[in-house]
2 protein chains.
Amino acid sequence: MAAPDPIADARRNWEEHGWADVAASMAAITAIMRTQQILLARIEGALKPFRLTFARYELLALLSFARSGTLPMNKASALLQVHPTSVTNAVDRLESAGLVARSPHPTDGRTTLIELTAEGRTLAKSATAVLNTDVFGKSGFASEDIDELIRILGSFRRNAGDFTDD
Amino acid sequence: MAAPDPIADARRNWEEHGWADVAASMAAITAIMRTQQILLARIEGALKPFRLTFARYELLALLSFARSGTLPMNKASALLQVHPTSVTNAVDRLESAGLVARSPHPTDGRTTLIELTAEGRTLAKSATAVLNTDVFGKSGFASEDIDELIRILGSFRRNAGDFTDD
DNA sequence: GCAATATACTAGGACATCCAAGGGTTTGGA
DNA sequence: TCCAAACCCTTGGATGTCCTAGTATATTGC
């Protein structure tokens, strides 16, 4: 009836095959991968009733916090840290659902602005409430561990060039 | 020239909109998502010369550690913690590349065994060496932080039902 | 022994991500 | 002024993941 930890198994395999020096690092990275998978599944589950995926939700949330309620596509791509084509894809679907609208940039003909519709704003608010209550509010992390995670992962991301201190 | 941290921005937004109680949790979870994205990109980059993706590499590595060099599809699905159709997909491509082979289970007609070919075993070994040297060996995590991550994420995964202590 | 239930794998479809390439718009240096 | 380089978005293609069926094989219970 035992359900052993596949990551602990992998670590043992690494150690037994001459890679003991990187076994812990491998285990930590694999654990991050798996944790992300679990969290993403929870998030997608919470968003399902809203007919939203996490990618689309993130875009809606980003727009809802923008002062003007609009953002250029490339800005959204940079802030969400995803490929521009992923934003195109998300906007296509959100636009079909009537949650956002595209409009040309007033002065730069290359740029397209994304704008939240009233319906999009309402849905973003509802989805955020559910996400906060059902996922973030019940993450399963101890609160000291949350601070540790933010510190460790923040250090990693800064080191990876994800952002710089101004 | 500042490149502020998008996650810190999001956390501020959360706090300013009445969700201060879950803002830290949101930030930690978002950081996990982003860290996974960065790590996955590194891994895929390291595997590119081998014409392998991470999903396919994981399957090869798993097979290379199996005593007999073979595993039933359902076993692989359970150990990799992915959907059975994902394994079907990976095996299809690995089989096309001549790295694994399917064979019927000797006693259970429902089951298909995946077997590593000689070529697959060689490639797995080379890819592992590169991954260990270029990714796991240069993760960018402090070694005390690696232990912390393993502890925190291990606790989370156990809590999430990912595994049980025997 | 045979029908009902359970298990294993695969086919088809929806989504998301990235890369490569193409067409339109701006910008900046000759 | 004018054209090349830079920038922005979209299309098309490859992968991967999951879900929902559907087919085939095993196991169970009466």
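Each chain gets a letter, A, B and so on, in the order the sequences are listed, and its residues count up from 1.
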**Study point:** Contacts of type salt bridge (Lys or Arg N to Asp or Glu O under 4.0 Å), residue E119(B), not counting sequence neighbours
**Key:** none

Practice item. Answer yes or no: is there an ion pair linking R56(A) with D92(A), defined by an N-O contact shorter than 4.0 Å? Key: no

Check your understanding: Are the side chain of R34(A) and the backbone of L80(B) linked by a donor-acceptor contact shorter than 3.5 Å?
Key -> no

Practice item. Applying side-chain contact (heavy atoms from CB on, under 4.5 Å), run through M73(A) and V91(A) and close with a yes or a no. Key: CA-CA 9 Å; M73(A) 300 276 291; V91(A) 171; 4.0 Å; yes

Exercise for review: Using whole Å, report how far NZ of K75(B) lies from P of dT7(C).
Suggested key: 14 Å

Practice item. Give, ordered by number, those residues of residues 99-114 of chain A having at least one heavy-atom distance below 4.0 Å to an atom of DNA chain D; if nothing qualifies, reply none. Key: R102(A), R110(A), T111(A), T112(A)

Check your understanding: Can a salt bridge be assigned to the pair R151(A) and E148(A) using a cut-off of 4.0 Å between side-chain N and carboxylate O?
Key -> yes

Study note, to complete from the structure: Taken in chain and number order and not counting sequence neighbours, the residues that satisfy salt bridge (Lys or Arg N to Asp or Glu O under 4.0 Å) with R93(A) are none

Check your understanding: Going 5' to 3' on DNA chain D, which nucleotide is the first and which the last to come under 4.0 Å of a heavy atom in chain A?
Key -> dC7(D) to dC18(D)

Return all side-chain donor-acceptor pairs below 3.5 angstrom for residues 129-138 of chain B, not counting sequence neighbours, or 'none' if the list is empty.
{"from": "N132(B)", "atom 1": "OD1", "to": "W14(A)", "atom 2": "NE1", "distance (Å)": "2.7"}
{"from": "N132(B)", "atom 1": "ND2", "to": "T128(B)", "atom 2": "O", "distance (Å)": "3.3"}
{"from": "T133(B)", "atom 1": "OG1", "to": "A129(B)", "atom 2": "O", "distance (Å)": "2.9"}

Point to revise | Under 3.5 Å: donor-acceptor pair, side chain of H105(A), backbone of D108(A) | key: yes

Check your understanding: Base, backbone or nothing for each nucleotide of nucleotides 15-23 of chain C, written B, S, -, heavy atoms under 4.0 angstrom, 5' to 3'?
Key -> SSBBBB---

